[in-house]
2 protein chains.
Amino acid sequence: MIKVAVVDDHEMVRKGIISYLVTEPEIDVVGEAKSGNEAIKLVLETRPEVVLMDLLMEDGNGIEATREILQHEPNCKIIIITSFYDDEQVFPAIEAGAFSYMLKTATADEVVRAIRKAVVGEPIIEPKVANRMMNRLRKQEKKPHHDLTERELEVLMCIGEGMNNQEISTELFIGIKTVKTHVSNILSKLDVADRTQAAVYANRNGVIKK
Amino acid sequence: MIKVAVVDDHEMVRKGIISYLVTEPEIDVVGEAKSGNEAIKLVLETRPEVVLMDLLMEDGNGIEATREILQHEPNCKIIIITSFYDDEQVFPAIEAGAFSYMLKTATADEVVRAIRKAVVGEPIIEPKVANRMMNRLRKQEKKPHHDLTERELEVLMCIGEGMNNQEISTELFIGIKTVKTHVSNILSKLDVADRTQAAVYANRNGVIKK
DNA sequence: TTTTTTCTCCGTCTCGAGACGGAGGAACTT
DNA sequence: AAGTTCCTCCGTCTCGAGACGGAGAAAAAA
């Protein structure tokens, strides 16, 4: 019997997944959780071999929970099942140690197959996600603003908020000349012509948080 | 018996919802669909009183499907059940004629209650969504850029792309002086200090499409 | 018809933006 | 000990941005 835990903040999704799994003779659903923190407790108590984990949850997200769980149970296979496949979600999850990555569009069979594969050490990666990973490894990883220094990044964030040099100077407690130096360096590193384009860049490439 | 149809591209979500509903004696699940187009066919065939509808789907989204269904079956109550409650999704759905709006975080009881309320003509609106609606009706509706003229909006879009005055002049086939006039008017109408802030505004307030 | 709005364009003027070159000090690497 | 990177700041110079005022033409509204 494969012990499986289901983590998702949507009750209907949990019930949906479980309603498959109970019909599978080799799979034993040992518990369900509706948040990252609940998931951690659940895993420590029931010690499942496989965890089906949603990423977006209210109280402690799936990425933190994944990290936490693997610290205590390194052999636990965590399968991410989520609605999204955007860069901001996928890669932190993989880095946190998620074993497989699936989308909620997956069918019952696919989920069951992923669980069986997981226990024998074989990961399943959603094709669309796999594509993103390839792109990331090719060129995406070297996003222009990755070779900005810490300070330049701060200045870029200010530019992205629409501040002028004087305001940035006050905000960061540095001279306006210094700000100009940073701005010039930023413009050449990002290969843009002026601060307006830098602001657009900042707002479109996740330099500005949230 | 209340005839209900379930529309969602995630099989696990459909099964999850249905697994509730079958335990309710007064509710009869007459069918399920995994896309907007399937949903339209399904409704025309089975004529349910209530449709549980996801918004984000591959083939024909929930908003279009809602519009289409209500054209043929004006008395059909469509309950949106989705993961998101952002402006871009909620308001088109309401405009399309959706009867209730719930989130997937809803519990089994809430869904069943929403269905019962729907058949007696009482809508259920998720509190978080209701808040957004209130905000929209208060100030959000009158977003500053709504009193920009057609031409000014075009110029603002160019600014939002990071163009300078010369480039905008070429792009729109007008003199650079004219561009300056438009820019000045835009800045005062949006109440921002310079084009950089205007660019940030454009990128954060949906002036730039997609 | 008169008025208002919108788009177009002009000149002038001020000021911030940005390029360019130089430089000192702190921290980390080799 | 020497080199590299980063942050800091200086002065100079050019140019585009934006404010301000004015104005003509066309179209829509009164």
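The chains referred to below are lettered A, B, ... by the order of the sequence lines, with proteins before strands, and numbering in each begins at 1. Every value quoted in this text rests on a predicted model; they were computed, and no experiment measured them.
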Stepwise side-chain contact (heavy atoms from CB on, under 4.5 Å) test for A:H10 and A:K104: CA-CA 12 Å; A:H10 302 348; A:K104 283 190 178 169; 4.2 Å; yes
By salt bridge (Lys or Arg N to Asp or Glu O under 4.0 Å) - contacts of A:K3 (at least two apart): none
Find which nucleotide of DNA chain C each of B:K177 and B:N185 is nearest to by heavy atoms, and output the residue with the more 5' nucleotide. B:N185
Over how many whole Å does the gap from A:L172 atom CG to D:dC6 atom P extend? 17 Å
Phosphate contact (D:dC9 OP1 or OP2) by A:T178 side-chain N/O below 4.0 Å: yes
Compare side-chain N and O positions of A:T149 against OP1 and OP2 of D:dC7 and report whether any pair is under 4.0 Å apart. yes
Taking for B:N164 and for A:R151 the nucleotide of DNA chain D with the nearest heavy atom, the one nearer the 5' end belongs to A:R151
Review item, side-chain donor-acceptor pairs of residues 110-125 of chain A, under 3.5 Å, at least two apart:
unit_1, atom_1, unit_2, atom_2, d
A:E110, OE1, A:T107, N, 2.8
A:R116, NE, A:E26, OE1, 3.3
A:R116, NH2, A:E24, OE1, 3.0
A:K117, NZ, A:E122, OE2, 3.3

With heavy atoms under 4.0 Å as the rule, sort A:L187 into base, sugar-phosphate or nothing. sugar-phosphate
For the helix from C:dT1-D:dA30 to C:dT30-D:dA1, figure out the bend between the end axes, five pairs an end, and round to 10 degrees. 50°
Which pairs pass salt bridge (Lys or Arg N to Asp or Glu O under 4.0 Å) with one or both residues in residues 149-160 of chain B, sequence neighbours excluded? B:R151-B:E154, B:E152-B:K189
Starting from C1' on D:dC6, measure out to CD1 on A:I174 and report it in whole angstrom. 12 Å
Any side-chain heavy atom of A:L55 within less than 4.5 Å of one from A:I80? yes
Counting distance alone, no hydrogens or angles: does the base of D:dC9 have a donor or acceptor under 3.5 Å from a partner atom on the side chain of A:T181? yes
Other residues, nucleotides, ligands: >12 heavy atoms within 6.0 Å of B:K34 NZ: no
May I have the distance from B:E150 (atom CD) to D:dA27 (atom P), rounded to whole angstrom? 17 Å
Taking A:G160's backbone N and O only, do any of them form a donor-acceptor pair with A:N203's side chain (distance below 3.5 Å, no angle check)? yes
Donor-acceptor contacts under 3.5 Å from residues 60-69 of chain B side chains, at least two apart:
unit_1, atom_1, unit_2, atom_2, d
B:N61, OD1, B:I63, N, 2.8
B:N61, OD1, B:E64, N, 2.9
B:T66, OG1, B:G62, O, 2.6

Reading DNA chain D from 5' onward, which residue's closest nucleotide shows up sooner: A:K180 or A:D194? A:K180
Please find the earliest and latest nucleotides of DNA chain C, in the 5' to 3' direction, that have an atom within less than 4.0 Å of any heavy atom of chain A. C:dA17 to C:dA19
Does B:I174 offer a backbone N or O that forms a donor-acceptor pair with the side chain of B:S169 under 3.5 Å? yes
